[in-house]
Amino acid sequence: AYDFLERFAGVRFFFPGEMGTVTPKQPDLSVPAMDIYEAPDFDQRGLRFNGTTQLPDGTRLTDERWTWTLMNLRWRYGTNYIPCCHGLTRRGYLARFGKSNPEYFAILANGKRDSDPNIHGHRGHVDYLNKGFLNEVYLDAEAYLTGKPASLRGVRTLRGANAYDLSSHQPGYFDLCPQDGLSEANWDHSPHSWPYWEQGRQSDLIWGYVSKIATRLKQNKIPGYVTCFAYSFYRDVPSDTVDIPDNVLVQVCIRGPWSDPVPELRRRNDELIKAWNRKIKTGKVWLWNYMHDNNGHTPKGVPPVSTRLIANYYGRLAPHIRGARSQGGNYYLLFNYLNNYVFYKVAWNTQTDVEALMRDHNEKLFGPAAGKMGVFFDRIEDIWTKQALGEVRETALGPSPVAKTDEEVWTKIYTEGVMAELSALLGEAHQLAGTDRPAQERVAFFQEKFLGEIGRQRAVYFDRVGTVRDLVHEVALRPAAQPIIVDGNLDEPVWTAAKPVYLVPTDGGDPRVRTAVRAVWDADMLYLSYECE
């Protein structure tokens, strides 16, 4: 239905709402007789809109799930979903076995079992060599793949329901992915597991666990596939000692298009994908990519427009992957909608001409102002991909992106001169729109909602800088006769005399608890105490 509207009626779905939907008025609709045969190049096509709850008009989504369901359908979301998303967490092993079988769980760096659900963070990391635990996972897989109910195994979702979580269970597919947050601290420190970490053989341990479950299912003639991420410390292909049977499907988790500007990172990631394809016996891998603002990937107020990077990336890798799912969320929908729109178009047809796609976008939205708006979007894209995308540094996980600081973004990239240049482009576009009312309204919309949001976040930064510069606190001098012992106890008289100041949240709201900060100085030291409720 949506293909018909686009192909024959000129309708376009760029982003939710009236401004992002183009519905041309046509007194006559002519559909020629024809045969159309079409199939998507990628059978795995999906976006996760995590964090995207604010519409371009500043309002928050009242029904976020339906909004994204609708946009996913209009953009041709891949409905053949292969589940692969931290399946061990989504079957509630911690709740099921934390008390009865603590030996199933990892020994943490502090010597305690990771079986306490009350500790902050991703909990319930397991011992992947424990035969009892592996048997429980196998029995869960066997039950699901043969159509038995979750209640038979006591499987529970993250919310406690006695059911199979759809993110990790789909007919014919069973997700074996480890919990998120698998780090050195959460790795099993027992004598049989810890050497895998010390020797850098994390992939051998995790993929060995996957292989054991898959092999047992295959031997018992249980139909279906098991799936697992190649992620974090187990992203690399395991050694030849680990044989992966032909009922295992692999999803490789790498940053994606935003890594392409770094030649070494591009080469390394491409080779990783090809190496996995050589290792598995089930065709090609698919990808989990990251184009979002979580964890500071994108500085707030910066539009990460990347249409050419996206088209080139998936076009280049098309022979080696069966598709991709990307985290495409941004706190502000208008900043990421072009990436999402282009991603879906390219995932359907990897030979999509992105330049023609952008011309169509500009013409449909802005009419007579299309050319000038094209220059505006090109400039925004250049700023992100050539300046604001951030650098890449070597870490324990290999080359990792490091976002630009707010100071770099607002004093060296989006300078006053650049803001004036962008404002002038939109001003010219508004004039070119002339008497075309929809074009005028949309240009004005982007002046206020797109460039306006960049300007608002820039102003927030400089306001914050000014506030910090204006902060003055007089620090008490330590009397020579009153020494301070740094022992965590504020029992010296000088602390009582020191005037406290109180930490406040960065958003200016009222703190739920108070943190009093006192400062004392002498010729050699600045002493700071924090008294936290």
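Computed over heavy atoms, backbone and side chain alike; hydrogens, waters and symmetry mates excluded.
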Less than 4.5 Å apart, side chain to side chain, heavy atoms only: is that true for [X] and [Y]?
X: L182; Y: I206; answer: yes
X: S167; Y: Y81; answer: yes
X: C85; Y: R48; answer: yes
X: E531; Y: R514; answer: no
X: E18; Y: F445; answer: no
X: P303; Y: Y332; answer: no
X: R90; Y: V155; answer: no
X: L309; Y: E381; answer: no

- Task: Take E103 and K131, measure what salt bridge (charged side-chain N to carboxylate O under 4.0 Å, His left out) needs, and give me the verdict at the end.
- Result: CA-CA 10 Å; E103 72 277 8; K131 292 182 180 179; over 6 Å; no
Do the rings of [X] and [Y] sit parallel, tilted or perpendicular, given the 30° and 60° boundaries?
X: H292; Y: Y290; value: perpendicular
X: Y144; Y: F174; value: tilted
X: Y231; Y: H86; value: perpendicular

Separation of [Y] [atom2] from [X] [atom1] (nearest 0.5 Å):
X: F15; Y: M71; atom1: CZ; atom2: CE; answer: 9.0 Å
X: L134; Y: I213; atom1: CG; atom2: CD1; answer: 5.0 Å
X: Q482; Y: T496; atom1: CD; atom2: OG1; answer: 9.5 Å
X: K449; Y: L334; atom1: NZ; atom2: CG; answer: 9.5 Å
X: F105; Y: D114; atom1: CZ; atom2: CG; answer: 8.0 Å
X: I484; Y: L490; atom1: CD1; atom2: CG; answer: 9.5 Å

- Message: Testing R464, K412, K300 one by one against D406 for a salt bridge (Lys or Arg N to Asp or Glu O under 4.0 Å), which residue passes?
- Response: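 Only one of R464, K412, K300 forms a salt bridge (Lys or Arg N to Asp or Glu O under 4.0 Å) with D406, namely R464.
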[X], [atom1] atom: more than 12 neighbouring heavy atoms under 6.0 Å:
X: R159; atom1: CZ; value: no
X: L526; atom1: CG; value: yes
X: E533; atom1: CD; value: yes
X: F462; atom1: CZ; value: yes
X: E416; atom1: CD; value: no

Okay, side chain of [X], backbone of [Y]: is any donor-acceptor separation there less than 3.5 Å?
X: Y344; Y: L47; result: yes
X: D188; Y: I107; result: yes
X: N186; Y: G181; result: yes
X: Q251; Y: L287; result: yes
X: D204; Y: S239; result: yes
X: H430; Y: L426; result: no
X: Q457; Y: V302; result: no
X: N330; Y: D293; result: no
X: W276; Y: R235; result: yes
X: W286; Y: R325; result: no

Given the side-chain rings of [X] and [Y], with only the six-membered ring counted for Trp, is the space between their centroids under 6.0 Å?
X: Y128; Y: Y196; result: no
X: W384; Y: W258; result: yes
X: F233; Y: W197; result: yes
X: F376; Y: F450; result: yes

- Message: Apply side chain to side chain contact (heavy atoms under 4.5 Å, CB included) to residues T307 and Y341 and explain how you reach the verdict.
- Response: CA-CA 9 Å; T307 64; Y341 180 75; over 6 Å; no
[X] to [Y] - nearest heavy-atom pair and separation:
X: A519; Y: A498; value: O-CB, 4.1 Å
X: V242; Y: S211; value: CG1-CB, 4.4 Å
X: P261; Y: P263; value: O-CD, 3.3 Å
X: C228; Y: C84; value: C-SG, 3.4 Å
X: L272; Y: V252; value: CD2-CG1, 3.9 Å
X: T67; Y: P16; value: CG2-CG, 3.9 Å

- Would E271 and R268 pass as an ion pair if we require N to O under 4.0 Å? no
- Item | Residues D165 and R91 bridged, charged N to O under 4.0 Å |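 Salt bridge: no.
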- Please walk me through it: do D522 and M525 pass side chain to side chain contact (heavy atoms under 4.5 Å, CB included)? CA-CA 5 Å; D522 60 27; M525 296 287 178; 3.6 Å; yes
- Item | Among T385, D260, D378, D382, the one residue meeting side chain to side chain donor-acceptor pair (under 3.5 Å) with R308 | D378
- Task: Quick one: do R379 and V418 satisfy side chain to side chain contact (heavy atoms under 4.5 Å, CB included)? Show the steps, please.
- Result: CA-CA 10 Å; R379 185 73 174 101; V418 170; 4.0 Å; yes
- Message: I need the single residue from Y314, Y337, Y313 that forms a ring-ring contact (aromatic ring centres under 6.0 Å, His included) with F343. Which is it?
- Response: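 Output: one option passes, namely Y314.
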- Query: Could you walk me through whether E136 and R153 pass the side chain to side chain contact (heavy atoms under 4.5 Å, CB included) check?
  - Reply: CA-CA 9 Å; E136 297 293 351; R153 292 287 306 146; 2.5 Å; yes
